[in-house]
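So the structure is just underneath, and the comments pick up after that.
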Amino acid sequence: MSRFLFTFIILFLIWLGFTTSLATSELITGAVISLIITSFVYKTFTDYGMKFFSPMRVAYIIQYLIVFLIALIKANLDVARRVVDPKLPINPGIVKYDTKLKSRTAKVILANSITLTPGTLTVDIIDDALYIHWIDVTSKDPDVIYREIGESFEKILRKIFQ
Amino acid sequence: MIIFLLSVLGLAIIFALIRGFKGPTASDRIVALDNITTIVTAGLVLLGLYFERYIYVDVSLIYAVLGFVGVLTLARYMEGGL
Amino acid sequence: MTWLAVLVALLIVVMVAAALYSVVQKDLILAVIGTSVISVVLSVLFYLLQAPDVALTEAAIGVALSTIIFVIAIKKTDRYEE
Amino acid sequence: MILETIGYIIISIGAIFLFLGAFGIFRMPDIYSRMQAGTKATTLGAMGVVFGVGLVQPEWFWKTFIIVLFIAISNPISSHALARGSYKIGIKPFTKKEGLDDLDGVYEAEEEK
């Protein structure tokens with residue numbers, strides 16, 4: 001039941017964003033369509049349900065977004081520097097990164113975040129290992145890889161999805 | 001001002017198109033296509049600002065929602081799935 | 001007004017080039033990428049000629065649907081033309 | 001007025017990043033590095049341009065916000081799928097030294113299992 005409500009709320013918010021109007025007819029149509037879609041997909045849409053909206057989690061999500069935005073801007077300055085430099089200072093390679101996260105949703109979010117942060121691109125996820133293309137491989141030591149690439153994300157994600 | 005920004009985006013699309021025509025493998029061309037779609041998404045919003053018509057933003061919304069489906073299909077084909 | 005005419009002319013040149021590319025190409029996946037580029041450019045053209053509703057439809061069908069159908073057809077037959 | 005100026009500044013930054021992304025695709029030596037430049041720079045660039053337009057025209061803000069959200073979600077997914085597909089059809093990454101490719105042979109081992 002709680003999963004049902006969660007899916008419905010998310011879908012209805014997306015509908016509001018698409019139409020951007022508060023007319024009664026639009027709201028009723030949106031509610032009906034969201035209900036129909038929800039009744040089909042709520043079992044696969046989420047594993048968590050309404051308890052996802054607890055205040056602690058919301059605070060962590062906001063913290064995550066801030067960390068992510070800072071990393072995104074840093075990533076872009078990094079890419080800009082490498083692209084403009086006439087010598088093209090890159091040393092690419094694919095490294096293995098072991099994640100400690102268990103939840104599937106958390107792994108997907110981690111992979112997407114890693115793709116958008118400095119110098120890294122997720123190539124594949126096999127079980128608990130993420131294979132990451134790193135544009136400037138400084139070390140092959142797993143601890144260094146863990147610290148440099150994803151530690152700041154993983155700490156917050158573990159708190160959100162525990 | 002907007003026209004200058006649009007010409008910057010046009011230059012970007014031209015670079016991506018050169019990679020699309022040149023790129024040695026099919027993957028390079030798909031990357032170029034993906035980037036052209038994203039740049040067009042941004043450019044259409046900018047054009048909507050120039051003409052000052054709200055309905056024009058909807059086209060960009062369609063690109064943002066559906067633009068990656070084509071690339072995803074091509075990628076799945078290359079990998080042998082689908 | 002003049003820059004709009006120049007932009008439309010440039011877009012038509014790109015569209016014709018992409019169409020020729022996808023006709024000449026022997027590798028059909030590359031031809032599909034060519035048609036994708038055509039539909040992106042075509043939808044920008046519709047947009048510039050003040051028809052946002054047509055541009056919306058072209059974006060949805062050209063980018064997502066026709067690419068998927070072509071790729072499925074190639075999957076069922078052969079990738080390379082003789 | 002202030003909002004408009006900030007909006008135009010953000011749009012300009014976004015346009016510059018979009019240009020750099022396309023330039024990176026043009027310059028980098030192999031497909032994975034190209035994808036790096038392409039994905040990161042174009043994602044922030046497009047987000048910046050669209051968000052800036054939302055600031056210049058405040059009544060468009062919610063729709064532009066939805067566009068930004070979808071760009072941020074969908075762009076990494078498509079590049080991830082593309083990277084995986086390219087590796088599976090056997091495009092090796094460009095490396096300056098030997099032994100920097102940890103994914104080498106992993107798929108074959110998976111097949112045998």
Side-chain angles (χ1 to χ4, degrees), chain A residues 13-22 65 68-69 71-86 88-97 108-109 111-127 129-137 140 142 145, chain D residues 13 16-17 20-33 35-45 47-48 59-63 65-67 69-70 72-77 79-80 82-84 86-88 92-97 99-104 106-107 109-110:
Chain A
L13 282 180
I14 291 175
W15 171 273
L16 281 184
F18 278 160
T19 56
T20 54
S21 92
L22 287 174
L65 285 181
F68 173 70
L69 271 179
L72 180 57
I73 291 167
K74 254 196 237 160
N76 277 277
L77 294 177
D78 184 66
V79 165
R81 183 174 63 77
R82 285 184 207 282
V83 167
V84 173
D85 197 315
L88 214 60
I90 58 174
N91 177 27
I94 293 181
V95 296
K96 187 174 173 216
Y97 171 92
V108 170
I109 293 176
N112 270 8
S113 306
I114 283 175
T115 299
L116 288 176
T117 49
T120 47
L121 173 90
T122 315
V123 177
D124 205 350
I125 307 179
I126 299 173
D127 298 330
L130 272 71
Y131 289 91
I132 292 173
H133 181 264
W134 198 359
I135 205 163
D136 194 6
V137 181
K140 296 275 290 177
I145 290 171
Chain D
I13 294 172
I16 291 168
F17 276 126
L20 284 176
F23 191 58
I25 293 186
F26 178 70
R27 253 197 98 190
M28 288 291 184
D30 79 323
I31 171 109
Y32 303 99
S33 317
M35 239 178 262
Q36 295 246 5
T39 315
K40 286 193 246 303
T42 35
T43 307
L44 185 73
M47 279 162 79
E59 62 266 39
W60 295 6
F61 184 79
W62 284 110
K63 197 158 270 186
F65 185 72
I66 291 279
I67 297 178
L69 212 64
F70 270 101
I73 295 172
S74 69
N75 239 345
I77 292 179
S79 85
H80 173 188
L82 204 51
R84 190 179 132 113
S86 318
Y87 203 96
K88 279 202 175 167
K92 294 281 174 229
F94 162 86
T95 49
K96 286 187 175 161
K97 275 178 289 191
L100 281 179
D101 186 1
D102 277 0
L103 199 48
D104 199 14
V106 171
Y107 288 125
E110 286 276 310

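The sequence lines fix the lettering, A, B, ..., with proteins before strands; numbering per chain opens at 1. Keep in mind it's a predicted model, so treat the numbers as computed, not measured.
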As an exercise, state the distance from [atom1] of [X] to [atom2] of [Y], rounded to the nearest 0.5 Å.
X       : Y      : atom1 : atom2 : answer
I94(A)  : Y87(D) : CD1   : OH    : 5.0 Å
L121(A) : M35(D) : CG    : CE    : 6.5 Å
F17(D)  : L77(A) : CZ    : CG    : 5.0 Å
K40(D)  : D78(A) : NZ    : CG    : 8.0 Å
W62(D)  : T19(A) : CH2   : OG1   : 12.5 Å

Would one find more than 12 heavy atoms of other residues, nucleotides or ligands at under 6.0 Å from atom CZ of F18(A)?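 Yes.
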
Best-contacting candidate, T43(D), L44(D), I77(D), against chain A by heavy atom pairs under 4.5 angstrom: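 The residue among T43(D), L44(D), I77(D) with the greatest pair count is L44(D).
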
Could you look at V108(A) and say if it's the side chain, the backbone, both or neither that has a heavy atom under 4.5 Å from chain D?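 No part of V108(A) comes within 4.5 Å of chain D.
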
Is V79(A) close to chain D through its backbone or its side chain, or both, or neither, when contacts mean heavy atoms under 4.5 Å?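 When you check distances to chain D, only side chain atoms of V79(A) fall under 4.5 Å.
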
With sequence neighbours excluded, what pairs up with K88(D) under the salt bridge (Lys or Arg N to Asp or Glu O under 4.0 Å) test?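 Once residues adjacent in sequence are excluded, the partners of K88(D) under the salt bridge (Lys or Arg N to Asp or Glu O under 4.0 Å) criterion are E79(B).
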
Between F70(D) and chain A, with a heavy-atom cut-off of 4.5 Å, which part of the residue counts as in contact: side chain, backbone, both or neither?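 Side chain of F70(D) only, per the 4.5 Å heavy-atom cut-off to chain A.
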
Check: K63(D) side chain, G17(A) main-chain N or O, donor-acceptor pair, under 3.5 Å: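 No, the answer is negative, given that no donor and acceptor are paired below the 3.5 Å cut-off.
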
If we define contacts as heavy-atom pairs under 4.5 Å, which of T120(A), I14(A), T115(A) has the most with chain D?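 The option with the most such pairs is T120(A).
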
